[in-house]
Amino acid sequence: MERKKVFINKIIPELGLRLLDEAGIDYTVWKEKPVLDRDQAILFCKGHDAFISAGQSGLDADFFKQCSHLKVVALHSVGFDGVDISAATAQGVPIGNTPNVLNRATAETALLLMLTVARKALFLHKKIQKGEWAISQPTQDLGVDIAGKTLGIVGLGRIGTELARMCAKSWGMKIIYHNRSQNEEAEQELGAKLVSFEELLAQSDIISVHTALTEETKGMFGYEQFKKMKSSAIFVNTARGGVHREEELIRALNENVIWGAGLDVTNPEPMNPDNPLLEMENAVVFPHIGSSTFETRNEMARCAAENIIAGLKGERLPYPVNPEVFGK
Ligand code: DGY
């Protein structure tokens, strides 16, 4: 029987490749920089039966029209906002993702941002580099505690709940959240309270964003919303850069409308190196490292390989994004 072939657009952890080998599947890995553009990715996909996409841009209706032969597309991510899922379904292409395995690492990234901003840690690190080791006055460069404060979570799903758990259990924080639907489990386990968006803005000491990027959530944090937050509040986004309006966040930070902001996601990515946020005392930016630990990336590669193996056998994917495709 002819061996099936997968195209992989970036270098994924060895574990994923080993699972493909063991399943008798061949693969081509694109190892070069720069990353492939959409048309190049389409050309490669045309010569393969399946595709592992690590953040490939342009997976739109035309992509799926041109690549309707693909038996499966396995995303090396949990998010799928850059993929036209209904177009994939219409062309009969199953899409898989990597849910759950990155909850902990992403929640830890949010926590790291919260603490770094709260204690001005990056700003003080930069001061040492400039020869200014100067906490000479007991009132100088003080941070704020996070223990016992109110954490407002926008999107209390799997990652948000992981963060809420850490913050409630280790830091005694009060959890409020804003969601489309009630999260009864989190309410029972953590005493989390569902509030309106306006209440969340007004009551939170720290706001952490964990919602998907949709038409509804796009730009939901702008100057008007920052103005409604406490002046001591910290804004953290580890979800998608499109949820906040960057220019308006910069204005709010410059005017000390809020205490500070920690971002693991920006719009666009990569962020321009001369972006003012990178020089601001009250802002911390990471280059989208939410899932980037050895352990988590291994698990993501495992999920992607398992999705490919199932898809190439014509079976239902273990981690499907468009399960409705199997009924077609
Ligand atoms: C995801 O998996 O969607 C993350 O944002 C990638 O790090």
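Atoms within each ligand, like the ligands themselves, are counted from 1 in listed order.
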Please say whether [X] places an N or O atom under 3.5 Å from an N or O atom belonging to ligand 1.
| X | answer |
| --- | --- |
| S77 | no |
| V78 | yes |
| T98 | no |

Identity and distance of the protein heavy atom lying nearest atom 7 (O) of ligand 1: S291 OG, 3.1 Å

List the steps, then state whether salt bridge (charged side-chain N to carboxylate O under 4.0 Å, His left out) holds for R165 with E189. CA-CA 8 Å; R165 196 173 282 128; E189 184 190 342; 2.7 Å; yes

Which of the numbered atoms in ligand 1 are under 4.0 angstrom from any heavy atom belonging to [X]?
| X | value |
| --- | --- |
| L102 | 2 (O) |
| G79 | 1 (C), 2 (O), 3 (O) |
| R240 | 1 (C), 3 (O), 5 (O) |

Do S57 and R38 have a side chain donor and acceptor closer than 3.5 Å? no

Residues in side chain to side chain donor-acceptor pair (under 3.5 Å) contact with K227, at least two apart in sequence or another chain: none

For the residue pair L20 and I8, establish whether any side-chain heavy-atom pair is separated by less than 4.5 Å. yes

Nearest heavy atom to atom 4 (C) of ligand 1, choosing from H76, R297, E269, H288, belongs to H288

With a cut-off of 3.5 Å and sequence neighbours excluded, list every side-chain donor-acceptor pair involving residues 217-224.
residue: T217; atom: OG1; partner: A212; partner atom: O; Å: 2.7
residue: T217; atom: OG1; partner: T214; partner atom: N; Å: 2.8
residue: T217; atom: OG1; partner: T214; partner atom: O; Å: 3.4
residue: T217; atom: OG1; partner: T214; partner atom: OG1; Å: 3.4
residue: Y223; atom: OH; partner: E255; partner atom: OE1; Å: 2.3

Check E198 with K228, please: is the shortest side-chain N to carboxylate O separation under 4.0 Å? yes

